[in-house]
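The figures here come from the full heavy-atom set of this structure, side chains too, leaving out hydrogens, waters and symmetry mates. Each chain gets a letter, A, B and so on, in the order its sequence line appears, and its residues count up from 1.
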Amino acid sequence: VPLFFGIFAPNFSINITMINITLPDKSVKQVEKGTTAMDIAMSISEGLARNVLSAKVNGEVIDALRPINEDATLSLLTWNDDDGKATMWHSSAHLMAEAVEQLFPGVKFGIGPDIENGFYYDIDFGEYQVSDADFKKIEDRMLQLAREKQTFSRREVSKAEAIKYFTEKGDEYKLELIDELEDGEITFYESGTFTDLCRGPHLPNTGMIKAVKLLGIAGAYWRGDENRKMLTRIYGITFPKAKELTAFLEMMEEAKKRDHRKLGAELEIFTFSQKVGQGLPMWLPKGAELRERLEQFLKNVQKKMGYQQVITPHIGKVELYKTSGHYDKYGEDSFHPITTPVEGEEFFLKPMNCPHHCEIYSSMPKSYRDLPYRIAEFGTVYRYEQSGELHGLTRVRGFTQDDAHIFCTPDQLKEEFKSVMDIVMIIFRALDFNDFITQISLRDPDNTQKYIGSDENWEKAEKAIMEVAEERDLDAVIEYGEAAFYGPKMDFMVKDALGRKWQLGTIQVDYNLPDRFELEYVGSDNEKHRPVMIHRAPFGSMERFVAVLLEHCAGKFPLWLTPDQAIILPISEKYNIYAEKVLNLLKNSEIRALIDERSEKTGRKIRDAELKKIPYMLIVGEKEEKEGMVSVRKQGEGDIGTFTVEEFAKMVNEEIDRLLDVKI
RNA sequence: GCCGAUGUAGCUCAGUUGGCCAGAGCAGCUGAUUUGUAAUCAGCUGGCCGGGGGUUCGAAUCCCUCCAUCGGCUCCA
């Protein structure tokens, strides 16, 4: 019917069915059935129509050229909408596939979706050897095809027809995908010489793609399964304007400057050595001092919150990990045990601190009056990570967790969880971390038998976590089925300079280890009971935290944390003695400072201090010496005036107190 | 671990199709200069061209292999 409709519409106007389209501003347009989003855009303005990438009809994103056949709400999607961008990038994946297929005939295609920043396509290149040297060629062909303004034509096909097409083409990957689809829900999209199995939606035409950049090439296992064939994944991004591509590339360059690996070396925070081994960071003096300040800060908070510090060894007998259950799960895929030469006893480098802490718990009998029992340790652990996984300080083989374990009764769980969350918030605030994601991981409600612990306890814990998040006004993402088998958890995630997410703080409820270690306490009823355990690490690990912090503040650490808070710049060597005097006064006020005694010009000393991101520069010359003052320059801001050393010290300490204003 | 790329001085990079003792800027050291809010000048030091093996009259340049790094995949207690 729709086919005839178009042709004979004028003669049958009396039979035309009208539909109501509600636009985002709530206005309603009455149009003929079969009108497209593009038609409606055109009726509003031609300029708008030129920018429409796709449309959201009754909540579903569809092609702007697809007929609408019933009353609907409609939003026209442009580059300013995430869904619009997604359409552009998904179509770009097709465009790239078309270009690749023309340049490398016979290649086979896996999947090619849009992603957060662009798109990729997984391709089996067969005998071809492709590398980023081929990018130029592919990009040029893509632009050439884009200029042809190819349309994307959507076609519903039967399963048999779909199978026939890809059998003839010889693409087993598409056939596997089709196999999992129901007859009647299969659609093809055809653009230029390329036809793909695809749900859509797509752009009105490829001409809207004005700028193309292929970003990378990587192996990717078919369907994410490491036992299956590795396809070649090409990442790319496209834009409706060349200028946007330039801006994107500039942003990427900026992000690289924030890379913690670069900043960590420049600011002398940490280093790696091939001789020591990959993934084994070493903290340089400035980094070690900074880390100690972070640790001290947390220790102080924890002390106020009733934690006790403990210290445990770096190795533990194999039996310890058999009891904890970690041996069965990870024994093979971990660092292998070390053995004593005479007795042949086996020890593991500790991959976590909990088993040791459980043994501390049971070293003395506990009564309900001893709970909650909170023990903390900056525990260094070692984990085998596949070599390809290592990444700066964010993914290493040896790292220190700001670990603590809380043993409590099920009734105390909620209060304890809340106080742990408060610690996380205190830390995030002191470091000005406000852009983080909170994730709550709960049981899969349809599959509760795969979790250890009673339903009653799980429900209690899950309810407690949700309530705490709500009471503290946290906008948490809830993931069902993401809980560990031993308990629900809450994680805090932060993005790095390139937008990759890293998990930092974690709070986990555990019903498993108390069982395995047979932990007990005597209740008021004089009966033995099993405590609940909470694992928690507000920083996550010192290494990863400092890495994310470096990127977060682009190397400009908060004043209380930064290695050197001020540098004294004497105008000439004549004022070095006065500079020493200023330095001593600052030391008395617990301000970390140093003197640039080189015989350089002031401009040069300022430049170097600016590049080292030292927060305050104190310039001293004849005038300052005579008056007992310092001229203060703030990093990144410039001259802020002349002060006495005491005034300056007070100003700095007040600034620090504001940041560390911790109310417990 | 897998796919792809990279590896030249502390850092950023040059080194033409293999051919004289491997170069520059910054940093460092020495000296001169004594300086007022983002680079003073001069001289010098510094490299087994990631390690090992091979091809060649000759290798930083070509081949093999190992190591490390980078971007992904898979993993992540």
Side-chain angles (χ1 to χ4, degrees), chain A residues 115 120 122 125 129-135 215-235 256 259 261-262 265-266 268 271-279 321 324-331 333-334 350-355 381-392 394-397 401 403 484-486 489 498 500 502-503 506 508 510 512-513 535 544 569-576 598-612 617-624 631-640 642:
Chain A
I115 51 176
Y120 67 79
D122 283 347
F125 277 91
Q129 276 289 347
V130 285
S131 74
D132 52 16
D134 298 298
F135 282 3
L215 298 171
I217 190 162
Y221 301 110
W222 171 233
R223 315 218 85 179
D225 183 341
E226 77 182 302
N227 298 313
R228 305 197 62 177
K229 184 160 180 175
M230 182 165 263
L231 307 181
T232 303
R233 175 172 299 178
I234 300 179
Y235 287 89
K256 270 190 206 156
D259 191 313
R261 291 165 297 193
K262 188 175 160 61
E266 281 171 9
E268 299 172 31
T271 190
F272 287 93
S273 145
Q274 292 195 13
K275 281 208 184 84
V276 171
Q278 56 177 176
Y321 300 102
S324 72
H326 294 114
Y327 182 84
D328 284 342
K329 253 189 126 165
Y330 304 104
D333 303 319
S334 193
K350 70 175 172 188
M352 72 286 292
N353 304 297
C354 2
V381 296
Y382 297 89
R383 296 177 186 180
Y384 170 76
E385 302 285 357
Q386 298 183 83
S387 57
E389 267 315 316
L390 300 168
H391 181 94
T394 48
R395 195 78 184 274
V396 289
R397 285 178 170 170
Q401 294 178 306
D403 214 353
F485 76 95
Y486 51 79
K489 61 177 179 171
L498 291 173
R500 293 173 293 209
W502 295 98
Q503 187 199 307
T506 177
Q508 305 185 6
D510 187 350
N512 178 45
L513 284 185
H535 309 253
R544 186 176 286 182
L569 311 179
I571 294 293
S572 84
E573 284 167 14
K574 282 185 253 172
Y575 311 106
N576 282 357
R598 295 173 305 165
S599 71
E600 292 288 350
K601 289 189 172 177
T602 310
R604 177 54 184 272
K605 291 185 182 182
I606 286 171
R607 180 185 153 80
D608 289 347
E610 287 278 347
L611 292 176
K612 281 191 206 153
M617 284 152 263
L618 308 181
I619 294 139
V620 296
E622 189 181 351
K623 196 176 68 187
E624 288 79 6
S631 287
V632 181
R633 181 189 163 100
K634 201 166 184 176
Q635 200 269 351
E637 289 179 28
D639 195 350
I640 60 168
T642 304

A:Lys574 side-chain proximity, nearest of B:U35, B:G71, B:C75: B:U35
Give the nucleotide from the list B:C67, B:A39, B:U37 with an atom nearest to the side chain of A:Arg604. B:A39
B:G72, B:A77, B:A32: which one has an atom nearest the side-chain heavy atoms of A:Ser599? B:A32
Quick one: A:Lys262 NZ to B:C70 P, roughly how many Å, whole number? 14 Å
Among the nucleotides B:A77, B:G71, B:A38, which one has an atom lying closest to any side-chain atom of A:Ser334? B:A77
For the side chain of A:Arg607, starting at C-beta, report the closest nucleotide among B:U40, B:A39, B:G72. B:A39
Any A:Lys605 side-chain heavy atom under 4.5 Å of A:Arg598 side chain: yes
On RNA chain B, check which nucleotide each of A:Phe272 and A:Tyr382 is closest to and give me the residue with the more 5' one. A:Phe272
Report the nucleotide, chosen from B:U34, B:A38, B:U35, that has the shortest atom-to-atom distance to any side-chain atom of A:Glu573. B:U34
5′-ward residue of the pair A:Gly621/A:Gln274 relative to RNA chain B: A:Gly621
Nearest listed nucleotide, side chain of A:Thr602, among B:G71, B:A38, B:G36: B:G36
Quick one: which of B:C73, B:G36, B:A77 gets closest to the side chain of A:Met352? B:A77
Pairs: protein N or O with nucleotides 1-4 of chain B N or O, under 3.5 Å:
from, atom 1, to, atom 2, distance (Å)
B:G1, OP2, A:Ser387, OG, 2.2
B:G1, N9, A:Gln386, OE1, 3.1
B:G1, N7, A:Gly388, N, 3.2
B:G1, N2, A:Tyr221, OH, 2.6
B:G1, N3, A:Gln386, OE1, 3.4
B:C3, O2, A:Gly219, N, 3.0

